[in-house]
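These notes are about the structure you will find just below.
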Amino acid sequence: MALKTQKDLSPALNWFNSKGWQAFDFQQQCWSAYLHCKSGLLNAPTGSGKTYAIWLACVLQALQNPKKAKGLQVIWVTPLRALAKDIHSAMSTCCREMGLDWEIGLRTGDTSQKERQAQTKNMPQALVTTPESIHVLLAQKNAPKTFANLKAVIVDEWHELVGSKRGVQMELALAYFRHLNPKPIQTWAVSATIGNLEEAAKVLLGDQYEQCEIVKAKIDKKIEVETILPDSVDTLPWIGHLGLNMLPRITPILDEHTSTLLFTNVRSQTEIWYKTIIEKVPDLMGLVAMHHGSLDLQVRQWVEEAIHAGKLKCVVCTSSLDLGVDFRPVDMVIQVGGPKGVARFFQRAGRSGHRPGATSKIYFLPTHSLELIEAAVLKEAIATHQFESRTPLLLCYDVLVQYLVTLAVGPGFYPDEVRAHVQSTNAYKDLTDQEWQWCLEFISTGGNSLSAYDEFAKVEIMNDGLWKVNNRKTAMRHRLSMGTIVGDPVVKVKYTSGTYIGTVEESFIAQLKEGDTFWFAGKNLALVRFKDLTAQVRNSKKKTGPIPRWGGGKASFTSLLSDQLRRKIHDASISKFEGVEMKTIAPLLEKQARLSALPKENELLIEQIKSDEGTHIYFYPFEGKYVHEVLAALVAYRISVSQPISFSIASNDYGFEVLTDLDIEIEDFLELDLFSMENLLDDIKASINNTEMAKRKFRDIATIAGLIFQGYPGKGMTYKHLQASSTMIYKVFEDYDPENLLLKQAHEEVLSLQFERSRLTESLERINKQTILLKKLSKPTPFCFPIMVDRLRERFTTEMLSERIEKMQLDFQT
DNA sequence: GACCTGCTGCGGCTTG
């Protein structure tokens, strides 16, 4: 029975009061929506108590029924194991204090086998878990029984999942629950920073969207953003991303606060900052630590505990600490370098002052001069509550195939039933008959091209029409490779004693000889031997040596950030400099205007410079690195079709360069309609090395779809091996089964995810409306210099690079 | 004078 009166909420209010907290309107709103059996989305800033709001709703409803509930009632899903652990302990305490006789279970990959078995026998009333673990439960024979009594599912940090295949996996699990149970299951997403709330709610609820309620907290979370300004813009470099020269400005901030998180954008930067801090500020030795995804998990857990316990003053970290410290606020946050997106910046800011009513504070440390504009944009976007949208994924055949095998490994399935609930999701609502048949065929025979190999015919059709995996080895292999996260193979770094330190890339270790030293995890290490994907090391006294670099996804400006950035530059072009950041950078932008120009919003700036390298042409769409990479390839391709010229290309978030060693004039080529929308897709396919990228994407897709077995836990596979088997399958599909949906998906993902097709189209449309502002220059400008250096860096070592830069400066001073 | 570049995330087994 639903509750209706204010009085029914009083246990929750009392509980809040007993904690010394204050319940906000949105919490009461959330409770009454929940108590009226609604589903929906709860949107409130970090640290506002939204977690408790929704949890208390579950508890209040449970309290209505004095008998102890049988079986699993509530599932709480989080994207992180660490978060699951935190929430589990908070929920247990809450239940005890409210007098609810419920068992709260925790199930992630960390859960012991014993505990798992106990759960299978006797499910707790509430389970805190991850999307992957839910699917593991779905792969058990008794899955229908396990979830038969389910009343509610809460998906925490939904914005982290929407927009990824993990989100699609969650959609499928929710659809399964909904169709298993005739009674409606209350489904709530909890989310802080997301631009497309409504769409996110739609994705959560699929075809049950009509019952949706969006509860939006009207709390104005106070966030103070302060840019650490240089004394003058001249002291900030034009290029670079480390920001180490600003360290003297950081130390006073560390002194003034008990605990600070210092966010950097990349792992090697974290290592470098950590090293520099303890070298330059020896007082902080032992009070600073570092945290990133390639460090040993235990070390990371220790660091999280230590900052919470006040043993550390500062942790230098990457996004690895974006989440996961939900119940552990720090005093101060510093962001080094541009975060490339508003939501990410906001999220990090929220790590400080993480309490209802408290003000969060974040310092932004620009590492090169143009980042001052980014600083101004971030400040404004946060003040006006603008956040990026998370685009939900559609028709991921790989995830669907995995899901079907999961069900076949577990209870087995009848295709018609499953098709109905699969199509009730947002991701697969447009799945065609043909595509569905293809998926069924694929899991039962291996499809057109793989039917000769038994191992791909995973699912058997029983006499009664049930689709089932009977082969034990197939079932085990499937359980071993569930989930949608495909990691790159890595090299483990261990002491000779066996103590684990962390992971680096194969290519980094490959360049070292035995005895060579390097700096990693805050230690000087020497390589002893490298065998079986493990680097054995010992401590070294030598202080020199390289710092590992990890390859990974390159962040690009989000479109929200790019839009605002173009506006700021437009403002600058009419000498409008608002805010301290813009005032500080004004002299540099004026220099840009003097040397070349500042484009208005309806203009596209193109700069042409001749050097002894040849003709450099720079375009500035200000659209983020990803889009620029494609545009650069497109422009180079379209010119080269008209006459045989070869180009080298480079790009950053602001613009891109095409360079040829020939002496050309750009206006000869502008008539070619370089940015035309005609034949766009074909030209892009021809210009970028589409197949190479698609092959890499295909590796992930093939792994998710269960075509490539990643090996047994702990054993691992070398990169070469993995790539080899996926290349083989790719080739088989290409030759014998070109209509293969997984192949199609790989090409599609390259275009839509890597190259942001929709953004590309938008920016081309804009460019076509813009007037071209062509400048022929003899000296590099603040805009083009960083791109120029970026291109060189790819070809030269550091020493050679500094010589080149010196030479370049001499060249241009003439 | 300017330069060290690009994140995160989960899950599973064997068998003495």
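Here is the naming used below: chain letters follow the sequence lines, and residue numbers restart at 1 for every chain. Both backbone and side-chain heavy atoms feed into the values below; hydrogens, waters and symmetry mates do not.
- For A/R81 and B/dG11, the shortest distance from a side-chain N or O to OP1 or OP2 is below 4.0 Å.
- Where A/T108 and A/R549 meet DNA chain B, the nucleotide closest to each residue was compared, and A/R549 sits on the side nearer the 5' end.
- The six-membered or imidazole ring of A/F622 lies near that of A/F783, with a centre-to-centre distance under 6.0 Å.
- Taking the six-membered ring for Trp and the full ring otherwise, the centers of A/W76 and A/H88 sit at least 6.0 Å from each other.
- Regarding contacts with the backbone of B/dC7, every side-chain N or O of A/S320 stays at 4.0 angstrom or more from both OP1 and OP2.
- The backbone N or O of A/I609 sits nowhere less than 3.5 Å from a side-chain atom of A/K779 that would complete a donor-acceptor pair.
- Below the 3.5 angstrom threshold, one finds no donor paired with an acceptor across the side chain of A/T318 and the base of B/dC7.
- Regarding A/K473, its NZ atom lies at a distance of 16 Å from the P atom of B/dC13, rounded to whole Å.
- The side chain of A/R116 approaches B/dG12 more closely than any other nucleotide in the set B/dT8, B/dG12, B/dC4.
- Contact check, A/R300 against B/dG9: a side-chain N or O comes under 4.0 Å of OP1 or OP2.
- Following rounding to the nearest Å, A/R107 (CZ) and B/dC10 (C1') show an atom-to-atom distance of 13 Å.
- For A/L138 and B/dG12, the CG to C1' distance is 15 Å, given to the nearest whole Å.
- Residues forming a salt bridge (charged side-chain N to carboxylate O under 4.0 Å, His left out) with A/R348 (at least two apart in sequence, or on another chain): A/D322.
- Here the C1' atom of nucleotide B/dG9 and the NE2 atom of A/H135 are 15 Å apart, to the nearest Å.
- The side chain of A/H241 places an N or O atom within less than 4.0 Å of a non-bridging phosphate oxygen (OP1 or OP2) of B/dC4.
- One interatomic measurement links the two molecules: CZ of A/R267 to P of B/dC7, which rounds to 4 Å at whole-angstrom precision.
- Taking every side-chain heavy atom of A/M476 into account, B/dC13 is the closest of B/dC13, B/dC4, B/dC7.
- Side-chain proximity of A/I239 to the nucleotides B/dG11, B/dA2, B/dC13 is greatest for B/dA2.
- The CG-P distance, from A/D110 to B/dG11, rounds to 7 Å in whole Å.
- For the pair A/F709 CZ and B/dT14 P, the interatomic distance rounds to 11 Å; values are reported in whole Å.
- Distances were taken from every side-chain heavy atom of A/W238 (C-beta onward) to each of B/dC3, B/dG1, B/dG12; the shortest belongs to B/dG1.
- Screening residues 162-172 of chain A for salt bridge (Lys or Arg N to Asp or Glu O under 4.0 Å) gives A/E132-A/R166, A/K165-A/D398, A/K165-A/E749 as the qualifying pairs, with residues at least two apart or on separate chains.
- Of all nucleotides listed (B/dG11, B/dG9, B/dC7), B/dG11 comes nearest to the side chain of A/S133.
- Dashed line: the shortest gap from a side-chain N or O of A/T130 to OP1 or OP2 of B/dG11 is under 4.0 Å.
- Checking A/K340 against A/V233, the closest nucleotide of DNA chain B that is more toward the 5' end is the one next to A/V233.
- Computed from coordinates, the A/K165 NZ to B/dG11 C1' distance equals 17 Å when rounded to whole Å.
- Between A/E279 and A/K275 there is a salt bridge, since a side-chain N of the basic residue sits under 4.0 Å from a carboxylate O of the acidic one.
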